[in-house]
Amino acid sequence: MSSPTISFAILAVALTLVMGSGAPRAEAARAFFVFGDSLVDSGNNNYLLTSARADSPPYGIDYPTHRATGRFSNGLNIPDLISQEIGSEPTLPYLSPELNGEKLLVGANFASAGIGILNDTGIQFANIIRITQQLQYFQAYQRRVSALIGPQQTQRLVNGALVLITLGGNDYVNNYFLTPVTARRLQYSLPSFSRYLISEYRKILMRLYDLGCRRVLVTGTGPLGCVPAELATRSRNGQCAEEPQRAAEIFNPLLIQMIKGLNQQIGSNVFIAANANEMQKNFVNNPQAFGFVTSKVACCGQGPYNGVGLCTRASNLCPNRNIYAFWDPFHPTERANKFIVQTISTGSDKYMYPMNLSTIMALDSVL
């Protein structure tokens with residue numbers, strides 16, 4: 001599906017797969033729900049006592065308001081850009097006091113920086129919204145909406161929504177690889193740990209299905225060994241750190257395999273896998289082809305590759321964020337996020353399985 005033009009034959013086959021499966025109707029701008037970690041957190045951690053936050057400058061320097069919002073970006077993050085793709089307003093953080101009334105019908109962002117698939121991931125960040133709590137908040141959200149528009153309309157809204165979930169990276173960098181010796185490393189080899197993560201991720205996805213979600217974009221991990229933080233601490237001669245990168249190479253294919261089996265079990269393409277490792281490797285391996293001067297050095301940070309510590313007012317700060325692939329030691333710039341979302345929208349099955357977002361939107365618009 002690399003071409004945004006969908007042939008009649010492909011459309012017919014895809015329609016056959018989704019007819020009768022409770023697939024959503026796109027009668028208006030659909031609701032959008034977001035779950036996951038800092039790659040998709042739009043500000044929930046602003047309301048928590050945690051060190052995992054992005055609510056002070058220079059975060060948000062290129063956001064429309066030029067203020068830090070809690071997004072781990074210089075500007076827009078991936079959920080913002082997907083909202084644009086589906087013709088919706090940006091979703092508000094679930095903990096925002098502004099999320100009430102009609103704004104609830106746009107959807108909500110439940111993501112929280114620092115969390116993982118596992119509940120023991122990110123314990124150093126203390127008060128964060130672990131995925132089990134995010135799902136509980138989603139249930140509470142549905143009760144709030146039901147009081148507003150009734151249970152039947154709430155079910156239609158949730159069934160017709162687009163969902164994004166991004167988990168897994170922290171389970172490696174902030175758990176398995178956090179120190180040279182960790183409890184999880186003593187317990188599991190890297191392949192075994194990856195299989196364990198996938199088995200736990202599957203339970204989370206099934207819970208989303210049980211809560212009414214019928215179109216779920218599930219991202220894998222990016223190239224973990226190639227982010228500036230890993231280059232600064234584990235790299236040899238500026239090459240991607242071997243072990244974290246091997247983790248990404250193991251995790252993403254396992255995720256796609258798991259989602260294939262899950263969809264077969266359900267009998268519908270509810271879950272869509274996004275191979276974030278392959279997407280980001282394009283601009284990591286060949287930054288100049290995408291207009292970046294570097295994919296190794298973060299725009300904001302300090303130490304080797306600007307990959308040490310946090311991005312703060314005291315950090316080195318590049319004058320032109322558009323020519324850097326990474327904003328801080330872990331997170332892409334807004335411009336890099338645009339390439340990621342473009343691939344989510346129109347990418348081939350090398351990146352998106354079993355279909356891309358443009359195909360989803362076209363299918364759902366005719367149902």
Side-chain angles (χ1 to χ4, degrees), residues 32-45 52 54 70-73 76-83 85-86 90-91 93-94 107-118 121-122 125 128-135 137-138 161-175 194 197-198 200-205 207-208 213 215-224 227 247-248 251-252 254-256 258-259 271-280 326-328 330-334 336-345 347 351-353 356-357:
F32 183 33
F33 301 112
V34 182
F35 302 87
D37 57 28
S38 61
L39 289 166
V40 293
D41 184 355
S42 291
N44 279 310
N45 281 21
R71 291 164 172 82
F72 286 75
S73 172
L76 301 179
N77 64 7
I78 288 171
D80 294 325
L81 297 165
I82 290 179
S83 290
E85 285 286 318
I86 65 174
T91 53
Y94 181 70
N109 186 317
F110 302 90
S112 177
I115 73 139
I117 295 167
L118 306 179
T121 291
F125 301 124
I128 51 181
I129 312 169
R130 305 193 183 283
I131 190 61
T132 49
Q133 182 65 58
Q134 290 184 29
L135 296 174
Y137 280 155
F138 186 41
L162 182 70
V163 179
L164 172 68
I165 184 166
T166 297
L167 291 171
N170 282 325
D171 294 288
Y172 291 107
V173 300
N174 282 309
N175 190 333
S194 301
L197 288 181
I198 292 295
E200 294 300 303
Y201 208 169
R202 189 183 190 280
K203 296 174 187 175
I204 293 164
L205 297 182
R207 184 65 183 137
L208 280 175
C213 299
R215 284 291 195 215
V216 186
L217 295 172
V218 186
T219 70
T221 65
L224 298 174
V227 300
F251 183 86
N252 282 274
L254 286 176
L255 179 67
I256 294 166
M258 179 265 281
I259 282 178
F271 299 102
I272 314 298
N275 192 328
N277 184 48
E278 290 297 328
M279 289 181 191
Q280 294 182 46
F326 285 96
W327 158 244
D328 68 10
F330 286 104
H331 304 97
T333 56
E334 177 185 307
N337 282 333
K338 287 179 177 177
F339 286 120
I340 293 168
V341 172
Q342 182 182 349
T343 309
I344 289 173
S345 181
Y351 309 104
M352 299 296 299
Y353 177 86
N356 58 38
L357 181 56

Residues at least two apart in sequence or cross-chain that pass side chain to side chain donor-acceptor pair (under 3.5 Å) with Asn45, listed by chain then number, are Ser112
State, with a plain yes or no, whether a side-chain heavy atom of Met352 is found less than 4.5 Å away from one of Leu217. yes
Pairwise side-chain contact, Leu76 with Asn337, heavy-atom cut-off 4.5 Å (strictly under): no
Among Asn174, Asn170, Asp171, Asp37, which residue meets the side-chain hydrogen bond (donor to acceptor under 3.5 Å, both in side chains) test with Thr121? Asp171
For the residue pair Thr219 and Ile78, establish whether any side-chain heavy-atom pair is separated by less than 4.5 Å. no
Can you sort out the partners of Ile256 under side-chain contact (heavy atoms from CB on, under 4.5 Å), two or more places apart, ordered by chain and number? Ala273, Asn275, Tyr353
Considering residues at least two apart in sequence or located in another chain, which fulfil the side chain to side chain donor-acceptor pair (under 3.5 Å) criterion with Arg202? Gln265
Can you sort out the partners of Glu334 under salt bridge (Lys or Arg N to Asp or Glu O under 4.0 Å), two or more places apart, ordered by chain and number? Lys338
Sub-4.5 Å side-chain heavy-atom contact between Asn44 and Gln134: no
Would you say the side chain of Ile340 lies within less than 4.5 Å of the side chain of Pro332, judging by non-hydrogen atoms? yes
Partners meeting side chain to side chain donor-acceptor pair (under 3.5 Å) with Tyr137 (sequence neighbours left out): none
Those residues at least two apart in sequence (or on a different chain) that pass side chain to side chain donor-acceptor pair (under 3.5 Å) with Ser83 are none
Does any non-hydrogen side-chain atom of Phe251 lie less than 4.5 Å from one of Leu224? no
In terms of relative ring orientation, are Phe33 and Phe110 parallel, tilted or perpendicular, with 30° and 60° separating the classes? tilted
Side chains of Phe72 and Leu39 in contact at under 4.5 Å (non-hydrogen atoms): no
